[in-house]
Amino acid sequence: MTIQTEAHKKLNRREFLSWLWGASLVGLFGQAAAAMVQFFKPRQKPGGFGGEVVAGDLEEFEPGTVSYVREGRFFISRLEDGGVLALWQRCTHLGCTVPWREDEGQFHCPCHSSFFNRQGEVTGGPAPRPLDLFPVSLKDGNLVVDTNHPIERQAFEASQVFFPGEVS
Ligand code: FES
């Protein structure tokens, strides 16, 4: 048989209330932290910029063409040899959107006149480095571009080109 004194009961009640108070605080801070994470997480539309974007059927991109994919904010540059580059539209000078100028056969930044060729290499102007790349893969015949992982580069190298024929 256990005999509990009045002081012992009070102590237990105090401990219990203290524990309850602590648990409530932990729960409250946990919810606040989750809300903060949700708030600051980049908003990513499914299939849009910030994630994997389906650029389209590989056959739609003829060799020697440059095509804009608005949802992904990149260009698919299909080189003459069939290789593929996904070039981010963002100028490496101060971040302006760089359009492809079919009449000039090059990318031409309207802000301070940087020029880039179809590999994204700088051919003129103040841009310090080539246009950034996004990784490309082929899924069910479609080119899929991962816009969550831009690749900075200092120069164009053949190893940066994705060749769909090499996919097993
Ligand atoms: S932002 Fe493109 S040249 Fe300056």
Side-chain angles (χ1 to χ4, degrees), residues 29-168:
F29 282 120
Q31 282 189 335
M36 294 278 279
V37 166
Q38 227 19 61
F39 182 77
F40 287 110
K41 206 166 86 177
R43 292 180 200 284
Q44 177 186 342
K45 225 172 68 182
F49 184 77
E52 285 199 335
V53 176
V54 178
D57 192 319
L58 173 66
E59 303 305 319
E60 293 171 14
F61 302 97
E62 294 286 323
T65 61
V66 175
S67 313
Y68 184 51
V69 179
R70 182 183 304 275
E71 314 81 62
R73 306 180 195 170
F74 60 80
F75 294 88
I76 293 292
S77 180
R78 189 93 198 260
L79 306 178
E80 293 292 351
D81 60 5
V84 176
L85 291 167
L87 301 164
W88 194 357
Q89 67 179 13
R90 194 185 66 158
C91 184
T92 53
H93 179 221
L94 294 176
C96 286
T97 297
V98 185
W100 168 256
R101 293 286 304 268
E102 195 63 52
D103 56 334
E104 297 177 17
Q106 63 183 349
F107 294 96
H108 182 163
C109 183
C111 293
H112 315 98
S113 285
S114 281
F115 303 98
F116 307 86
N117 63 20
R118 60 183 64 236
Q119 285 87 6
E121 293 172 294
V122 181
T123 54
R129 56 186 173 78
L131 294 173
D132 293 338
L133 294 173
F134 291 124
V136 184
S137 59
L138 191 67
K139 290 181 186 163
D140 300 326
N142 288 312
L143 287 177
V144 178
V145 176
D146 179 2
T147 60
N148 196 30
H149 295 98
I151 301 164
E152 282 189 20
R153 55 194 177 140
Q154 295 308 314
F156 169 71
E157 292 168 22
S159 61
Q160 296 163 354
V161 181
F162 173 74
F163 285 98
E166 291 176 1
V167 177
S168 55

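Model, not experiment: these values are computed from the prediction. Each ligand, and each atom within it, is numbered from 1 in the order the structure gives.
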Q: Using modelled atom types and a 3.5 Å cut-off, is there a donor and acceptor pairing between side-chain atoms of N142 and backbone atoms of D57?
A: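 Looks like yes, one N/O pair under 3.5 Å.
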Q: Which of these, F162, F74, F134, F156, sits in a side chain to side chain contact (heavy atoms under 4.5 Å, CB included) with L85?
A: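 With L85 as partner, side chain to side chain contact (heavy atoms under 4.5 Å, CB included) holds for just one option, F156.
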Q: Is there a donor-acceptor contact under 3.5 Å linking the side chains of R153 and Q160?
A: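 Result is yes, a qualifying pair exists.
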Q: Using only the SG atoms, decide whether C111 and C96 are less than 2.5 Å apart.
A: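 With an SG-SG separation under 2.5 Å, C111 and C96 do form a disulfide.
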Q: Regarding R78 and E62, does a basic nitrogen lie under 4.0 Å from an acidic carboxylate oxygen?
A: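 The answer is no: the pair does not qualify as a salt bridge.
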Q: Run the ring pair (Phe, Tyr, Trp, His ring centres under 6.0 Å) test against F115 and tell me which residues pass, sequence neighbours left out.
A: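 Once residues adjacent in sequence are excluded, the partners of F115 under the ring pair (Phe, Tyr, Trp, His ring centres under 6.0 Å) criterion are H108.
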Q: Give me the number of protein N, O or S atoms whose distance to atom 2 (Fe) of ligand 1 is under 2.8 Å.
A: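 There are 2 of them.
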